[in-house]
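Since the structure comes first, as structure tokens, the remarks are kept for the end.
Side chains are part of it too, since the values below use all heavy atoms of this structure and drop only hydrogens, waters and symmetry mates. Indexing begins at 1, ligand by ligand and atom by atom, following the structure's order.
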Amino acid sequence: MRRNRQTGWTRRLVAETRLGVDDLIWPAFVHEGPEDRAAVGSFPGVYRLSVPRLVDEVGEAAALGIPLVAVFPVTDPALKTPDGEEALNPENLVCRAVAAIKAAVPDIGVMCDVALDPFTSHGHDGLLRDGTIVNDETVEVLCRQAVIQADAGCDVIAPSDMMDGRVGAIRAALDEAGYQDRRILSYAAKYASALYGPFRDAVGSAPNLAGGDKKTYQMDPANSDEALREVALDIEEGADMVMVKPGLFYLDIVRRVKDAFGMPTYAYQVSGEYAMLRAAADAGWVDDDRIFFESLTAFKRAGADGILTYAAVEVARRLKAG
Ligand code: PBG
């Protein structure tokens, strides 16, 4: 077995997977400002960007060859309400950011989450009625949110809310609004994970959620067959691409999904994963370059067609440098 490992050229020749810039999706946070670029305490290496700064950085991502950027809004707490109406404001921050990117950077795809958590005063992804997240009433709002994002120019609509039946309803709403061309990347198997902490700090939903959890709609980490049922439903309802989330703790799910459906399958190296790797690298406990390459290669080996990662731009730069 060691003969093929002797030299760099044979190792390259026999490599079964290869991480490339085409595999990277960059999640970015946009805020109103005034700072152009503001650090997030619990999320080393990640920044909240103003709209103009975001457009600049997306321009760099596109120049590096990154195919898709996911834009997440940091909503002014004063605009958050129990029903998250700001999600339906066509002039809201995320819509303005998407329109600005589409106008300035034509050759990159733009993705938006469909979910209410950046906009609700309770921090949940859906509507809360008497202590319960209600399904069908939420789905109606999500359909309107998706159409508003499509109006702003969003290419990839990504329902991340885990309500039942939302993919089919959103597909119908987009089609009816004339957006047959817009893709749906469904957060199909999304787990109720402890790894979302830094993200909730970045978008400011952590204080709203106030220690609450999302276990009545996100999946139980104990389950795997259930993930296949979730993915099967989303495909049946019209998803063009499916996602497993989080990433590294759930690579078994990525492999099962890819093998069972052969769909374009993505995984999200979520905020807690990134923060752990970043912190260890910054402390000098692990090698910065190698740890990110190795972790992203693991996604590819598990069958992912692409990875949402906060390291996308830094990794793309290193890939380009060779
Ligand atoms: C919101 C959403 C979350 C993430 C992406 N979209 C958080 C949550 O479900 O609470 C997490 C991403 C990350 O941790 O990097 N629906």
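The heavy atom nearest to atom 14 (O) of ligand 1, considering only Ala115, Gly197, Ser271, is found in Ser271. Summarising the contacts of atom 1 (C) of ligand 1 with Asp117, Leu308, Asp213, the nearest heavy atom is found in Asp117. The heavy atom nearest to atom 16 (N) of ligand 1, out of those in Val114, Asp125, Val46, is found in Asp125.
Residues Asp36 and Ser50 have side chains that bring a donor and an acceptor to within less than 3.5 angstrom of each other. The closest side-chain donor-acceptor pair between Asp113 and Tyr187 falls under 3.5 angstrom. Under the 3.5 Å distance criterion, with hydrogens and angles disregarded, a donor-acceptor pair is assigned to the side chains of Ser295 and Gln269. Looking at Ser205 and Asp117, their side chains never bring a donor and an acceptor atom within 3.5 Å of each other. Inspection of the Arg256 and Ser224 side chains reveals an N or O donor paired with an N or O acceptor under 3.5 Å.
Shown in contact with Ser160 at under 4.0 Å from a heavy atom are these atoms of ligand 1, numbered in order with element: 1 (C), 6 (N), 16 (N). Shown in contact with Tyr268 at under 4.0 Å from a heavy atom are these atoms of ligand 1, numbered in order with element: 12 (C), 15 (O). Heavy-atom proximity to Arg200, at under 4.0 Å, picks out these atoms of ligand 1: 8 (C), 10 (O).
Distances shorter than 4.0 angstrom do not occur between any heavy atom of Glu273 and any atom of ligand 1. Distances from ligand 1 to the non-hydrogen atoms of Gln269 include no value under 4.0 Å.
Of the heavy atoms in Asp161, none comes closer than 4.0 Å to ligand 1. In Tyr310, the part holding a heavy atom less than 4.0 Å from any atom of ligand 1 is the side chain.
Looking at Glu237, its side chain does come within 3.5 Å of a backbone N or O of Val167 through a donor-acceptor pair. Using modelled atom types, no side-chain atom of Thr265 and backbone atom of Val257 make a donor-acceptor pair closer than 3.5 Å. The main-chain N or O of Val110 is found under 3.5 Å from a side-chain atom of Asp155 such that the two form a donor-acceptor pair.
Regarding atom 2 (C) of ligand 1, its nearest protein heavy-atom neighbour is Lys190 NZ, 3.4 Å. Closest protein heavy atom to atom 4 (C) of ligand 1: Lys245 NZ, 2.5 Å. Here the protein heavy atom with the shortest distance to atom 8 (C) of ligand 1 is Lys214 NZ, 3.3 Å. Among all non-hydrogen protein atoms, the one lying nearest atom 6 (N) of ligand 1 is Asp113 OD2, 2.8 Å. Protein heavy atom at the shortest distance from atom 12 (C) of ligand 1 is Phe199 CD1, 3.4 Å.
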Evaluate the criterion side-chain contact (heavy atoms from CB on, under 4.5 Å) for residue pair Val270 and Tyr196; output intermediate values, then yes/no.
-> CA-CA 7 Å; Val270 299; Tyr196 305 148; 3.9 Å; yes

